J.: 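Handing you a structure now.
Please read all numbers here as calculations on a predicted model, not as lab measurements.
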Protein chains: 2
Amino acid sequence: MKEQFYKYQYPHPAVTVDCIIFGFDGQNLKVMLIQRKSEPFAKMWALPGAFVDENESLESCAERVLQKEGNISGVYLEQLFTFGSPSRDPRERVISVAYMGLVKTADFELIAGNDELQIEWKDILEVGNLAFDHNLILTTAIDRIRGKIRYQPIGFELMNAKFTIPQLQQLYEAILGKSLDRRNFRKKLLSMQILKQLPEKQQNVAHKAASYYEFDRERYDVLMKEGIYLELV
Amino acid sequence: MKEQFYKYQYPHPAVTVDCIIFGFDGQNLKVMLIQRKSEPFAKMWALPGAFVDENESLESCAERVLQKEGNISGVYLEQLFTFGSPSRDPRERVISVAYMGLVKTADFELIAGNDELQIEWKDILEVGNLAFDHNLILTTAIDRIRGKIRYQPIGFELMNAKFTIPQLQQLYEAILGKSLDRRNFRKKLLSMQILKQLPEKQQNVAHKAASYYEFDRERYDVLMKEGIYLELV
DNA sequence: TCAAAAGTGTTAAGTGTACACCCATGA
DNA sequence: TCATGGGTGTACACTTAACACTTTTGA
């Protein structure tokens, strides 16, 4: 490697942003995976990603990946971790900044890009061997979302604007990988007063219809400003 | 910029690791700062850092910085966040991976490197304008340590191997920026059984001598393995 | 009328918080 | 003997966790 075109006479690695996009379909927690077309790791499944452009922030790069794969914007994104082992890419040194995103699968229309054979939502319990160190990135992301969902209302990013309490509970159970007590879940959630009950109820269900709620972001922001710490589970 | 020497035909930014090294001197929380010798931002204070070497992991790079500045190794280090705004360095694009370290100031002998006019422990309440986006990096680190100290025993990294409970409380108060109830602090800490009382006591103090304790890492690891969640404050 | 999921309240145990006095030590 | 900080216990409020029956709806 030579760097005579750069101001700083130091190595210049390639830098990518890889995205762990979690999706919820109402039942299970999924993650967006693509099947690679080209080497290295051709035909293997991997996390979607992109090389960082010259005048693009890391976050914009993550947004660009989402746009490319599903024509989606305005979703929840947070930086997860930066993976920089010198040998994580067999071709040359590539440092990867991982971003985690949360979406409703129904909002996405997955479209395989030019470099991809396929794109799919995979259940997080059924992910096999991934390219590069992407299994490590994924487990790091799962740990993060499990920790974070307990005290930040990121779960609502994965729900439709209106949802029932049992639906929300199903999401929490899918993420945490264990079941929760119905009565206590509802009680705690309602006691925070961050849900607004809507007049509507579920339609055409063969049992008692659950009523719809929506997340009260204003109320949540007020509570946060007051420094109130909400443990959601 | 040209990249004809690289396998991947994409931009290759420079990548640095910047270190936020917090130190505790028994009274106040300090951060290690260097005064830059060269442009850009010559003479300004900044966080110590280094460009990532070709065959060096990000963590090794952070360790190298610590070695260089204070001849220290084996301390607590964790990755904080990656800062990648395209304009954060006026010369060319530089992506910075920030690492946070925790040390006892007494263990360090600060030695200004070749690129540095001075190196100093600055009280976190007295830090002025820093070079680049280093004020942002520092406030991010302070937020992180405040959040983390509540449920992970990282505070012990800042203490000597043996310490008194009031000393530990002083550290917590310095980090959290508020005072805590002596009785409750002690009660909670002891109830976790992660401290071992030593037979020794303080010497030559003009009041009742406090007894020394040490952190029981084995016991802590057992508790963690059992999935017990300890809120330390 | 059946199956399936929604909705509801109480109790016991544990935890957090507030608070005031005595103790040991060197000056 | 005084000043200084170390060390201790209790009571109350609140939160968590466990648990079973009734209601609504479409098939």
Side-chain angles (χ1 to χ4, degrees), chain A residues 25-28 149-151 159-160 162-174 176-214 223 226-233, chain B residues 25-28 147 149-151 159-160 162-174 176 178-214 223 226-233:
Chain A
D25 60 3
Q27 308 275 9
N28 297 111
I149 201 171
R150 295 182 157 277
Y151 58 92
M159 305 297 295
N160 293 316
K162 56 182 198 177
F163 51 85
T164 68
I165 291 180
Q167 281 167 3
L168 186 63
Q169 182 173 346
Q170 183 145 28
L171 169 66
Y172 272 72
E173 292 179 343
L176 297 175
K178 63 178 186 190
S179 53
L180 304 169
D181 183 277
R182 281 213 322 283
R183 282 161 291 198
N184 294 336
F185 184 81
R186 169 185 298 271
K187 204 186 323 172
K188 186 153 190 181
L189 212 56
L190 291 176
S191 74
M192 294 174 189
Q193 301 180 269
I194 54 172
L195 294 188
K196 272 191 289 209
Q197 187 166 11
L198 301 175
E200 311 154 63
K201 294 197 166 193
Q202 278 183 323
Q203 302 279 327
N204 299 320
V205 286
H207 52 78
K208 182 166 174 179
S211 64
Y212 281 113
Y213 290 82
E214 61 182 19
L223 291 175
E226 288 172 4
I228 291 172
Y229 183 85
L230 306 174
E231 265 197 44
L232 295 163
V233 188
Chain B
D25 61 3
Q27 308 276 10
N28 297 109
I149 201 171
R150 295 182 157 277
Y151 58 92
M159 305 297 295
N160 293 316
K162 55 181 197 179
F163 51 84
T164 69
I165 290 181
Q167 282 167 2
L168 186 63
Q169 182 172 347
Q170 183 146 28
L171 169 65
Y172 272 72
E173 292 179 343
L176 297 174
K178 64 179 185 189
S179 52
L180 304 168
D181 183 279
R182 277 208 331 279
R183 282 159 292 197
N184 294 335
F185 184 81
R186 169 184 300 269
K187 202 188 324 174
K188 187 152 190 183
L189 212 57
L190 291 177
S191 74
M192 294 173 189
Q193 302 180 268
I194 55 173
L195 294 188
K196 273 192 289 207
Q197 187 166 10
L198 301 175
E200 312 154 61
K201 294 197 166 195
Q202 278 183 324
Q203 301 279 329
N204 298 320
V205 286
H207 52 75
K208 184 168 172 180
S211 64
Y212 281 112
Y213 291 81
E214 61 183 18
L223 291 174
E226 289 171 3
I228 291 172
Y229 183 85
L230 305 175
E231 265 197 45
L232 295 163
V233 188

J.: What closest approach, in Å, do A:M159 and A:L171 show between heavy atoms, and which atom pair accounts for it?
T.: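 Looks like SD-CD2, 3.7 Å.
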J.: Look at the side chain of A:Q167 and the backbone N and O of A:G26, then say whether any donor-acceptor pair between them is shorter than 3.5 Å.
T.: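 Side chain of A:Q167 to backbone of A:G26, a donor-acceptor pair under 3.5 Å: no, none is there.
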J.: Using a 4.0 Å cut-off on heavy atoms, which residues in residues 162-174 of chain B reach DNA chain D? List them by number, or say none.
T.: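 Within this stretch, B:P166 sit under 4.0 Å of the strand.
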J.: Nearest-Å distance, CG (A:L189) to P (D:dT16)?
T.: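 Taking CG of A:L189 and P of D:dT16, I get 13 Å after rounding.
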J.: Using the salt bridge (Lys or Arg N to Asp or Glu O under 4.0 Å) criterion, which residues pair with B:E200? Sequence neighbours excluded.
T.: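 Counting only residues at least two positions away or on another chain, B:E200 forms a salt bridge (Lys or Arg N to Asp or Glu O under 4.0 Å) with B:K162.
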J.: What distance do A:N28 atom CG and A:E173 atom CD have between them, rounded to the nearest 0.5 Å?
T.: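 The CG atom of A:N28 sits 11.5 Å away from the CD atom of A:E173.
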J.: Cut-off 3.5 Å, no hydrogens considered: what does the side-chain donor-acceptor table look like for residues 182-191 of chain A, sequence neighbours left out?
T.:
{"unit_1": "A:N184", "atom_1": "OD1", "unit_2": "A:K187", "atom_2": "NZ", "d": "3.3"}
{"unit_1": "A:K188", "atom_1": "NZ", "unit_2": "A:E231", "atom_2": "O", "d": "3.4"}
{"unit_1": "A:S191", "atom_1": "OG", "unit_2": "A:K188", "atom_2": "O", "d": "2.7"}

J.: Do A:Y172 and A:L232 come within less than 4.5 Å of each other through their side chains, counting heavy atoms only?
T.: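 Of all side-chain heavy-atom pairs linking A:L232 with A:Y172, at least one is under 4.5 Å.
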J.: Closest heavy-atom contact between A:K208 and A:Q202?
T.: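 Minimum heavy-atom contact is O-OE1, 4.4 Å.
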J.: For B:Q27 and D:dG5, what is the distance between atoms CD and P respectively, to the nearest whole Å?
T.: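 Roughly 11 Å, once rounded to whole Å.
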J.: Drop me the distance from A:T164's OG1 to A:K201's NZ, to the nearest 0.5 angstrom.
T.: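 Answer rounded to 0.5 Å: 12.0 Å.
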J.: Could you point out which residue of A:I165, A:L198, A:I194 forms a side-chain contact (heavy atoms from CB on, under 4.5 Å) with A:Y213?
T.: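 So the option named by the test is A:I165.
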J.: Roughly how many Å is it from CD in B:Q197 to P in D:dG6, rounded to a whole number?
T.: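 One finds 15 Å between P of D:dG6 and CD of B:Q197, rounded.
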J.: Polar-atom pairs under 3.5 Å, protein N or O versus N or O of nucleotides 25-27 of chain C: list them with distances, or write none.
T.:
{"unit_1": "C:dT25", "atom_1": "O4'", "unit_2": "B:H207", "atom_2": "O", "d": "3.2"}
{"unit_1": "C:dT25", "atom_1": "O2", "unit_2": "B:A206", "atom_2": "O", "d": "3.1"}
{"unit_1": "C:dT25", "atom_1": "O2", "unit_2": "B:H207", "atom_2": "N", "d": "3.1"}

J.: Nearest whole angstrom, please: distance from the C1' of D:dT16 to the CG of A:L232.
T.: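 Roughly 15 Å, once rounded to whole Å.
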J.: Would you tabulate the pairs of protein nitrogen or oxygen atoms and nucleotide nitrogen or oxygen atoms of nucleotides 8-12 of chain D closer than 3.5 angstrom?
T.:
{"unit_1": "D:dT10", "atom_1": "O4", "unit_2": "B:K187", "atom_2": "NZ", "d": "3.0"}

J.: Would you call B:N160 and B:Y212 a side-chain contact if the rule is heavy atoms closer than 4.5 Å?
T.: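 Heavy-atom side-chain distance check fails, nothing below 4.5 Å.
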J.: Do you know the tightest heavy-atom contact between A:A174 and A:Q27?
T.: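 Smallest interatomic distance, heavy atoms only, reads CB-O, 4.0 Å.
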J.: Reckon B:S211 has a side-chain N or O less than 4.0 Å from the OP1 or OP2 of D:dG7?
T.: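 For D:dG7, OP1 or OP2 has a side-chain N or O of B:S211 closer than 4.0 Å.
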J.: Please list each protein N or O that sits under 3.5 Å from an N or O in nucleotides 13-15 of chain C, with the distance.
T.:
none

